[in-house]
Structure formats: structure tokens, C-alpha cells
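One structure is given here, and the rest of the page talks about it.
Atoms within each ligand, like the ligands themselves, are counted from 1 in listed order. We use all heavy atoms of the structure for the numbers below, so side chains are in, but hydrogens, waters and symmetry mates are not.
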Amino acid sequence: MQNLIHQLTNILGAKFILLEDQDKSPYLTDWRKRFTGKALAVALPKSSKEVAQIVKLCSEHQVAIVPQGGHTGFCGGATPDNSGNQIILNLKRMNQIIEIDSVNQSITLEAGCILQAAQEKAADHGFLFPLSLGAEGSCMIGGNLATNAGGTNVLRYGNARDLCLGLEVVTAQGEIWNGVKGLRKDNTGYDLRDLFIGSEGTLGIITAAVMKLYPLPISQWTTLVACESLSSTIHLLNLFQKRANSLLTGFEMMTSESLALNEKHFPHMANPIQGNPPFTVLIELSDHESEEHVRQLLETILEEAFTSHIISDAVIAKNLSQANTFWHMREHITLAQAEEGANLKHDITIPLSSLEAFIQETDLLMRSSFPGVRIINFGHLGDGNLHYNIAPPLDRDPRAFNENYEKQIHDLVYAQVERHKGSISAEHGIGQLKLAGLRAHKGEVAHDLMLAVKKALDPKNILNPHKVVSI
Ligand SMILES: Cc1cc2nc3c(=O)[nH]c(=O)nc-3n(C[C@H](O)[C@H](O)[C@H](O)COP(=O)(O)OP(=O)(O)OC[C@H]3O[C@@H](n4cnc5c(N)ncnc54)[C@H](O)[C@@H]3O)c2cc1C
């Protein structure tokens with residue numbers, strides 16, 4: 001190992017290969033503090049060439065690499081194991097925005113670029129970079145692509161995969177695949193780009209990407225509405241889809257329990273809708289025509305929803321600052337849960353037509369099997385994506401409760417997901433958290449195909465072993 005460290009130091013310089021415990025420590029625990037590992041070293045390369053050299057060396061020495069971006073992932077994918085023999089390869093120094101191509105409407109950037117920096121750069125040039133999520137101030141483009149991140153704009157613009165035009169990837173053999181092309185059509189055999197997207201660092205290391213840009217909307221209107229039942233929230237979604245079509249850019253659902261937790265930890269995030277409605281929905285319309293056009297459209301749809309008793313109250317944001325407060329309220333639920341302590345997350349998708357039945361049945365089963373648990377249910381309803389999270393009863397120690405009941409609670413939720421033909425991971429990925437459940441969920445054939453891909457691309461199993469699939 002000393003030889004490897006010596007060679008890595010030669011490539012990166014002593015400053016960018018971290019060996020001391022206090023220097024490595026910030027890279028060893030995931031955002032949720034569920035997983036802590038050990039690492040031989042943390043490598044901080046500055047270029048794809050350096051990444052390729054590191055991978056080649058690690059391959060020769062049979063040392064595993066854990067690629068890491070902002071380390072905000074929810075499934076422990078970027079956290080090393082406990083052996084102390086793995087190298088963390090963090091891409092934060094590769095943070096350059098290489099080009100904005102206004103004609104092609106695309107942005108080319110290095111993998112360590114922070115998502116928010118990409119959004120801001122695009123806006124400076126009059127474009128929208130639509131990927132948007134609560135961790136955007138710290139997650140990185142490489143991590144977003146490696147997890148195929150979703151977020152709040154999927155309804156209109158798709159997830160990270162849909163936004164990606166091209167990639168540069170360092171393979172498990174330390175070669176650089178240059179697929180940095182801004183093409184919207186390219187039918188030349190197997191789609192390597194799509195193979196690496198969502199592979200969570202197990203097939204290659206993403207070092208750069210070309211992503212789609214869109215014209216910035218002229219006007220955006222945001223509203224919070226109250227619904228008395230889940231079926232009303234779904235009727236409301238269908239109504240907005242029908243009337244506003246592609247102008248509908250956000251549709252987020254929050255239950256009263258989720259917002260109560262928010263208010264407990266962030267009192268300034270109180271719901272402006274009075275009366276604690278069972279469901280509050282955040283809706284955003286974006287328009288390229290005029291302020292007047294979108295405002296009128298929003299008011300007409302809300303009026304129709306009132307008249308048909310789909311909604312019972314609504315607050316339209318008066319200005320951008322209030323619109324941002326509405327969005328912060330939605331995004332703070334995850335932070336409120338972190339403040340509250342350990343909880344069990346379920347990032348699931350259910351076909352919209354089965355969503356109501358899923359929630360009714362699962363709530364009932366959950367409350368009768370685990371009396372006192374708090375169901376913190378919120379999510380990207382427009383995508384059928386729920387964050388169906390379970391907090392322990394208030395009088396129980398969260399860690400002890402989770403240790404005792406985690407498996408049973410996950411089993412209950414995932415059995416319901418299967419029953420309703422959903423997915424056990426809508427946008428957070430598999431990592432190490434959901435590794436054990438993947439075979440059963442995907443089925444033998446799909447799982448074996450995934451294993452075959454892993455073995456073909458990384459035969460020495462040095463890229464993020466025991467994440468997603470285990471050889
Ligand atoms: C407050 C909060 C809100 C969030 N909201 C959302 C949301 O709405 N939607 C959503 O999808 N996610 C959400 N997340 C989860 C997380 O932010 C995303 O998964 C994000 O895409 C991870 O990016 P990262 O740079 O932090 O990746 P990391 O956590 O560092 O890594 C994630 C995985 O990708 C791999 N990886 C990282 N970089 C590379 C690379 N360059 N090449 C190859 N593999 C790599 C890692 O090995 C790991 O397996 C949220 C997280 C937080 C903390």
C-alpha cells in the first residue's frame with residue numbers, strides 16, 4: 001500500500017492526497033449520518049487525466065475506489081466500507097464550467113461543478129438549467145448523473161438522464177471515453193451514456209457532461225392550495241395537466257404531519273394556509289408568453305377547482321420572494337426530519353392511478369402494526385413519487401426503535417409497493433442502503449443482466465464494490 005500511496009502522491013502532489021484521520025474525516029460519513037466508513041486515502045484530482053492515472057494505479061494494486069461528489073446522496077453510495085482499504089475519489093476540484101453553447105442550448109461542465117453554480121451560470125446567459133433539488137447548494141453534476149437525480153422539475157423537464165446529451169467517463173481500466181457531444185439524436189449502437197447514468201459509480205467515473213438548457217421563462221406563478229383528500233390532489237393534478245399542459249412545472253404534495261414537523265423545527269416556515277388542511281399542494285406554472293397570460297390561466301384553473309370542490313383554499317405568491325418561501329417550506333421537510341433524528345425513508349413511485357389506494361392501505365397497515373409511528377409523507381406528486389417516511393413514536397428512542405423495526409417497516413412498505421406495481425427507488429438510487437432488496441424487486445433476469453454488465457465493464461470489481469449490485 002505504501003507504494004500505491006507514494007505513486008498517488010506523485011500524480012496529485014501531497015496536498016491533494018489526504019492521509020491523516022482529521023483530513024479524511026469529513027469525507028467518511030454520509031449526509032444522513034447513517035453510514036460511516038474508513039478510507040486508505042482521499043484523492044482530489046484536478047483533471048480527467050489525473051482521474052485516469054489514479055484508476056489505472058488502483059486497478060494494478062487491486063484497490064477499490066469510491067467516487068464521491070457532494071456526498072449528499074441518501075443511499076450511502078459515496079461512503080466507503082469499514083475495511084480502510086478503499087480510496088475515496090472526490091471530484092470537487094474538477095468544478096469548471098467549460099462552455100455555454102447558446103445556439104445548441106447546452107452547457108458543458110466538469111463533474112465536480114456544484115449544481116447551483118451551473119443553474120446560476122445558465123441564468124446569467126438567459127437560460128434555465130432545470131435540474132433542481134434541495135441539496136443543489138452542495139451536490140455536484142457528476143453525483144446528479146451517477147444517481148440519475150430527480151427533484152422538483154421532473155414533471156416538465158425530466159430527470160438528470162433526460163437532461164444529459166453527452167458524457168466523459170473514466171473506465172475501470174483507466175481509459176477516458178470521450179462522449180462529450182451535444183447531440184439530441186445519436187443512434188449509433190448501444191447507448192453508453194445511458195449505461196453510466198444512474199450507475200452510482202459502479203461502472204465508470206463521470207468526469208464531464210453536456211447538459212440541455214432551456215429558455216428562461218418570462219413569468220412564473222406559484223401557489224399553495226389546500227385539499228381535503230388525496231383523491232382531490234390527484235384530480236387537481238389532472239385538471240392542471242389538462243388546462244396548463246406544459247406550463248405546469250411543479251406539483252408537490254405535503255401532508256399536515258410533514259408541515260407540522262417543519263413548523264416545529266423551523267417556526268418561520270409555517271404554512272400560510274390556515275386551518276391545517278390534510279394536504280397542501282405547491283403548484284408552479286411557468287410561461288414564455290406574458291405575466292398576464294399565466295396569472296389569468298392560474299386564476300381560471302383555481303376558480304374551476306374551487307367550484308368543483310377540489311380545493312378548499314389557496315394562497316398565490318405575491319412576488320418572487322414569497323414564491324421562494326413556498327419552495328423553501330417544501331424543501332425544509334427533509335431538513336426538519338434530519339433535525340428530528342433518525343427516521344426511515346422510502347423514496348417510492350406508484351402509478352398515479354393506484355396512489356390513493358396505496359396510501360390508504362399502507363397508512364392503515366402502518367398504524368395498526370406500529371402504533372404511534374408518525375407518517376411523514378410528501379413528495380413530487382406530479383411524478384407519482386412519494387417520500388413515504390416513517391418517524392418513530394415520540395416517546396421512543398429513534399435509534400433503538402429503528403434498530404428493532406427497520407426491517408419490518410421496510411418490508412411492509414415495499415410489499416405494498418410491489419402490490420401496486422411501483423418502484424422501491426424513484427430518484428435516490430440503490431447505493432448500499434437498498435442493495436439487499438434489488439434482486440427481489442427487479443427479478444432474476446433483470447438482476448442477472450445488471451451483474452453481467454458490471455462484470456463486463458469492471459471485471460476486477462474495483463469501482464464502488466458492493467453498491468447497487470454485489471458480485
Ligand atoms: C436536502 C436534500 C434534498 C434532496 N433532494 C433530492 C431530490 O429532490 N431528488 C433527488 O433525486 N435527490 C435528492 N437528494 C439526494 C442527493 O442530493 C442526490 O442524490 C444527488 O444527486 C447526489 O449528488 P452528490 O454530488 O452529492 O453525489 P454523492 O452523494 O457524492 O454520490 C452519490 C452516488 O454517485 C456516485 N458518484 C458521485 N460522483 C460521481 C462521479 N463523478 N462519477 C461516478 N459516480 C459518482 C457515488 O459513488 C455515489 O454512489 C437530496 C439530498 C438532500 C441532502
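With 3.5 Å as the limit, one finds no donor-acceptor pair spanning the side chains of Gln173 and Ser59. The closest side-chain donor-acceptor pair between Asn10 and Gln7, if any, does not fall under 3.5 angstrom. No hydrogens or angles considered: nothing links the side chains of His71 and Thr29 as a donor-acceptor pair under 3.5 Å. A donor-acceptor pair shorter than 3.5 Å cannot be found between the side chains of Asn377 and Thr255. Counted by atom type alone, Thr202 and Ser199 present zero donor-acceptor pairs between their side chains at under 3.5 Å.
Taking distance alone, with nitrogen or oxygen atoms compared against 3.5 Å, Gly70 approaches ligand 1 more closely than that limit. Residue His71 places at least one N or O, backbone or side chain, under 3.5 Å from an N or O of ligand 1.
Distances below 4.0 Å separate heavy atoms of Thr147 from the following atoms of ligand 1: 19 (O), 20 (C), 21 (O), 32 (C), 33 (C), 34 (O). Close approach to Glu200 involves these atoms of ligand 1, each under 4.0 Å from a residue heavy atom: 35 (C), 47 (O), 49 (O). Close approach to Ala149 involves these atoms of ligand 1, each under 4.0 Å from a residue heavy atom: 11 (O), 21 (O). Atoms of ligand 1 lying under 4.0 Å from any heavy atom of Ala135, numbered from 1 in the order shown and given with element: 2 (C), 3 (C), 17 (O), 51 (C), 52 (C), 53 (C). In summary, the atoms of ligand 1 found under 4.0 Å from a heavy atom of Thr72, numbered by their order in the structure, are 15 (C), 16 (C), 17 (O), 20 (C), 22 (C), 23 (O), 24 (P), 26 (O), 29 (O), 51 (C), 53 (C). Near His380, the atoms of ligand 1 lying under 4.0 angstrom from a non-hydrogen atom of the residue are 8 (O). Ligand-side atoms of ligand 1 in range of Asn144: 20 (C), 21 (O), 23 (O), range being under 4.0 angstrom from any heavy atom. Listed by number with element, the atoms of ligand 1 under 4.0 Å from a non-hydrogen atom of Asn464 are 47 (O), 49 (O).
Counting non-hydrogen atoms of other residues, nucleotides and ligands closer than 6.0 Å to NZ of Lys460 gives a total above 12. Taking a 6.0 Å sphere around NZ of Lys46, one finds it holds more than 12 heavy atoms contributed by other residues, nucleotides or ligands.
Remark: among candidates Gly204, Gly112, Gly73, the nearest residue to atom 43 (C) of ligand 1 is Gly204, based on non-hydrogen atoms. Among Gly69, Ser425, Gly198, Gly379, the residue whose heavy atom lies closest to atom 30 (O) of ligand 1 is Gly69. In this structure, of Glu252, Glu427, Lys92, the residue bringing a heavy atom nearest to atom 7 (C) of ligand 1 is Glu427.
Remark: minimum distance from atom 45 (C) of ligand 1 to any protein heavy atom is reached at Ala146 CB, 3.4 Å. The protein non-hydrogen atom at the shortest distance from atom 27 (O) of ligand 1 is Gly143 CA, 3.5 Å. For atom 13 (C) of ligand 1, the nearest non-hydrogen atom of the protein is Leu133 CD1, 3.8 Å. Scanning the protein heavy atoms around atom 48 (C) of ligand 1, the nearest turns out to be Gly77 C, 3.4 Å. Protein heavy atom in closest approach to atom 11 (O) of ligand 1: Gly150 N, 2.9 Å. Closest protein heavy atom to atom 42 (N) of ligand 1: Ile206 N, 2.9 Å. When hydrogens are left out, the protein atom nearest atom 47 (O) of ligand 1 is Pro67 O, 2.6 Å; that is the closest non-hydrogen contact. Nearest non-hydrogen protein atom to atom 52 (C) of ligand 1 is Phe74 CZ, 3.3 Å.
Within the 4.0 Å heavy-atom shell around ligand 1 one does not find Glu136. Every heavy atom of Ala338 sits 4.0 Å or more from the atoms of ligand 1. Proximity of Lys467 to ligand 1 is not established, as no heavy-atom distance is less than 4.0 Å. Residue Val66 places every heavy atom at 4.0 Å or more from ligand 1. For Gly151, the closest heavy-atom approach to ligand 1 falls below 4.0 Å.
Aromatic rings from Tyr214 and Phe127 are positioned such that their centres are separated by 6.0 Å or more. For His387 and His380, the gap between ring centers is short of 6.0 Å. His346 and Tyr414 have their aromatic ring centers within a separation under 6.0 angstrom.
Classification of Asp30 and Arg34 as a salt-bridged pair fails, no side-chain N sitting under 4.0 Å from a carboxylate O. Under 4.0 Å is where a charged nitrogen must lie from a carboxylate oxygen, and between Asp194 and Arg161 at least one such pair does.
Looking only at distances, no side-chain donor or acceptor of Glu252 sits under 3.5 Å from a matching main-chain atom of Val281. Without hydrogens or angle criteria, Lys264 side chain to Leu259 main chain gives no donor-acceptor distance under 3.5 Å.
Counting heavy atoms closer than 4.0 Å to ligand 1, residue Thr202 contributes nothing at all.
If you run side-chain hydrogen bond (donor to acceptor under 3.5 Å, both in side chains) between His265 and each of Glu340, Glu339, Gln337, only Glu340 comes through. Between Pro80 and the choices Gln86, Lys24, Lys38, the side-chain contact (heavy atoms from CB on, under 4.5 Å) rule is met once, by Gln86.
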